[in-house]
Each structure stands twice: as structure tokens, then as C-alpha cells.
Amino acid sequence: IPHQPHINFAFDCCYGGTHKGPFVPSENVDPDVFKLIKEMDENGWLVDTIMRSVGIKRVQDTFVGNERVRGVSGGEKKRVTVAEMSASRTQIACLDKISTGLDAATTFDICKVFGETTRMLNTIKIVSLLQPPPETVALFDEVILLDKGRVLYAGPVDEITLHFKSLGYAQPERMDPADWLQSLPTKDGAQFLAGPEERAHLTNE
């Protein structure tokens, strides 16, 4: 089956096949609103917008593929999954290690789409990434830094470096913030402690 029907199915199941949301009353509404909704339904606006956003519009009629049928690439399969989730009415979506098997550029593109669709649909995406590149980390509003199941930081992305600097850690001038943060929970993180006074290194090792 081509992947567009997959996304249409998610939309039909979660939206009832219409762009008329649950908070749009059936009466005493400007007729232009219902006209616009009808046009969006006829054109498949949401599904079309999502496919364009994730970069799979050009292969919308291509099979997803399996071990017997050649279909879209591995990165595009991940994009199809993202599109299906974005076409649902899910308010909170959790995605675990979506970057596995993908290159840095594809991971960046998918996370960028997450941000765009999340803001467009006013939803929440919780994404776990293994050693993400700095440009991908910067796409998120908030970040949770974990070490062996323990939360070392949870809060805004733009405040995380200041948090660890307040604990006595110094970021090298030529070291990227994301790489620096990922090295802090390890034994090597002790080398970033600043000042002559002794401090306890935050690590489980």
C-alpha cells in the first residue's frame, strides 16, 4: 500500500474525515467557516500539508515496502511514521530513539518537522535521542538530561548550560554545548570542574 493511504487512515480515524474540530459549534457560525472546512476536506489539506512538511509528498504513491516489496528508503519510512502520528489527534506523543539508523541530517529534518507540526497543532512531542548533534538539540524547547535513569536536568534548552555552570562546571571555549553536556555525566566530566576548591562530580560511575 502506498504511504498516503496510511496517513489518510490516521486522519480519518482521529478526525472523522473532516477538518471540523470538536470545538467548532454546529450552529451560529459564520458560513465562511464551514465553506473553508469543506474546501479543506475536499483538498485533504492537513494530510497534504504534513506530507509536504516531512518531505514525502513527492513519493506519496510509492509503497512503504517490506522484505519482499521495495519501497521508500529507511529515512522516508521514519518520515511516514512521523506523518501518521502528526495526522492523528494525539495531544502528547512519545517517541523513543527515533534517530537510530538515521544520519544526522535526517534526524535534524524530522525533529524540525516535529517542532513545526507541534506548534501548528498545539500538541506536545516527547522525544528521546541518543547523542544528538548540537543543531538538533537547539530545535527543542525543553530538554531532559539523563544518566542511568537519573534526571540531571529538566528545563528550558537555553538555560541548561547556565545551570551546570552554576554547579561549578566550565564549558571549554571551542567545545559545543551539546557535546559538553553529554560528557558531564561520564568520568571525563570531572575535568570540567572549575576552581581550586574541591567539588563533587555529578556522575553515577
Side-chain angles (χ1 to χ4, degrees), residues 10 14 50 53-56 73-205:
C14 299
I50 290 173
S53 298
V54 300
I56 57 175
S73 66
E76 287 171 334
K77 286 182 180 179
K78 290 283 183 87
R79 293 171 190 255
V80 172
T81 301
V82 170
E84 287 179 320
M85 296 186 67
S86 299
S88 68
R89 204 185 289 274
T90 304
Q91 294 300 308
I92 301 177
C94 299
L95 303 101
D96 184 33
K97 298 180 181 178
I98 62 168
S99 59
T100 302
L102 300 180
D103 56 48
T106 302
T107 300
F108 175 85
D109 290 341
I110 290 178
C111 289
K112 183 178 180 180
V113 170
F114 279 152
E116 293 172 349
T117 56
T118 294
R119 291 177 177 84
M120 180 176 66
L121 301 175
N122 194 27
T123 56
I124 297 173
K125 297 287 192 301
I126 302 174
V127 184
S128 70
L129 298 172
L130 181 62
Q131 296 181 327
E135 57 273 14
T136 300
V137 175
L139 294 173
F140 290 86
D141 297 317
E142 296 191 0
V143 63
I144 300 175
L145 183 64
L146 299 173
D147 178 37
K148 296 183 178 179
R150 297 181 63 181
V151 177
L152 300 184
Y153 175 85
V157 171
D158 55 2
E159 296 180 10
I160 185 170
T161 55
L162 294 176
H163 170 74
F164 284 101
K165 286 180 180 179
S166 70
L167 297 178
Y169 291 90
Q171 177 187 345
E173 293 183 1
R174 297 185 179 182
M175 190 172 189
D176 186 271
D179 294 334
W180 176 62
L181 292 169
Q182 292 177 55
S183 65
L184 289 183
T186 68
K187 293 180 178 180
D188 294 335
Q191 65 181 305
F192 301 116
L193 286 171
E197 66 276 15
E198 294 185 359
R199 298 177 185 268
H201 177 45
L202 302 178
T203 179
N204 287 328
E205 298 182 7

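Because the structure is predicted, anything quoted here is derived from the model rather than measured. Hydrogens, waters and symmetry mates are skipped; everything else that's a heavy atom, side chains included, is used.
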Assess the side chains of Ser183 and Asp188: does a donor N or O sit below 3.5 Å from an acceptor N or O? no
Where is the tightest heavy-atom contact between [X] and [Y], given as atom of each residue plus distance?
| X | Y | value |
| --- | --- | --- |
| Phe108 | Glu135 | CE1-O, 3.5 Å |
| Gln171 | Thr161 | OE1-CG2, 4.1 Å |
| Gly189 | Tyr169 | O-CE2, 3.6 Å |
| Leu95 | Lys125 | CD1-CD, 4.1 Å |
| Thr136 | Phe140 | O-CD1, 3.3 Å |
| Ala178 | Val137 | CB-CG2, 4.1 Å |

Using the six-membered ring wherever Trp is involved, compare the ring planes of Trp180 and Phe164 and label them parallel, tilted or perpendicular (cut-offs 30° and 60°). perpendicular
My understanding is that only residues two or more places apart in sequence, or in another chain, count here; which of them pass side chain to side chain contact (heavy atoms under 4.5 Å, CB included) with Ala154? Ile144, Val151
Residues forming a salt bridge (Lys or Arg N to Asp or Glu O under 4.0 Å) with Asp179, sequence neighbours excluded: none
Does the pair Leu152 and Leu146 meet the rule for a side-chain contact (heavy atoms from CB on, under 4.5 Å), with working shown? CA-CA 6 Å; Leu152 300 184; Leu146 299 173; over 6 Å; no
[atom2] on [Y] to [atom1] on [X], rounded to 0.5 Å:
| X | Y | atom1 | atom2 | value |
| --- | --- | --- | --- | --- |
| Ile92 | Ile124 | CD1 | CD1 | 4.5 Å |
| Lys165 | Phe192 | NZ | CZ | 12.5 Å |
| Ile126 | Glu142 | CD1 | CD | 10.0 Å |
| Asp96 | Leu130 | CG | CG | 10.0 Å |
| Leu129 | Lys97 | CG | NZ | 11.0 Å |
| Asn122 | Gln91 | CG | CD | 7.0 Å |

Give the C-alpha distance, both sets of side-chain angles, the deciding distance and a yes or no for side-chain contact (heavy atoms from CB on, under 4.5 Å) between Met175 and Leu181. CA-CA 10 Å; Met175 190 172 189; Leu181 292 169; over 6 Å; no
When you measure from the side chain of Gln182 to the backbone of Pro132, do you find a donor-acceptor pair of N or O atoms at a distance under 3.5 Å? yes
Is it the case that more than 12 heavy atoms not belonging to Lys77 sit under 6.0 Å from its NZ atom? yes
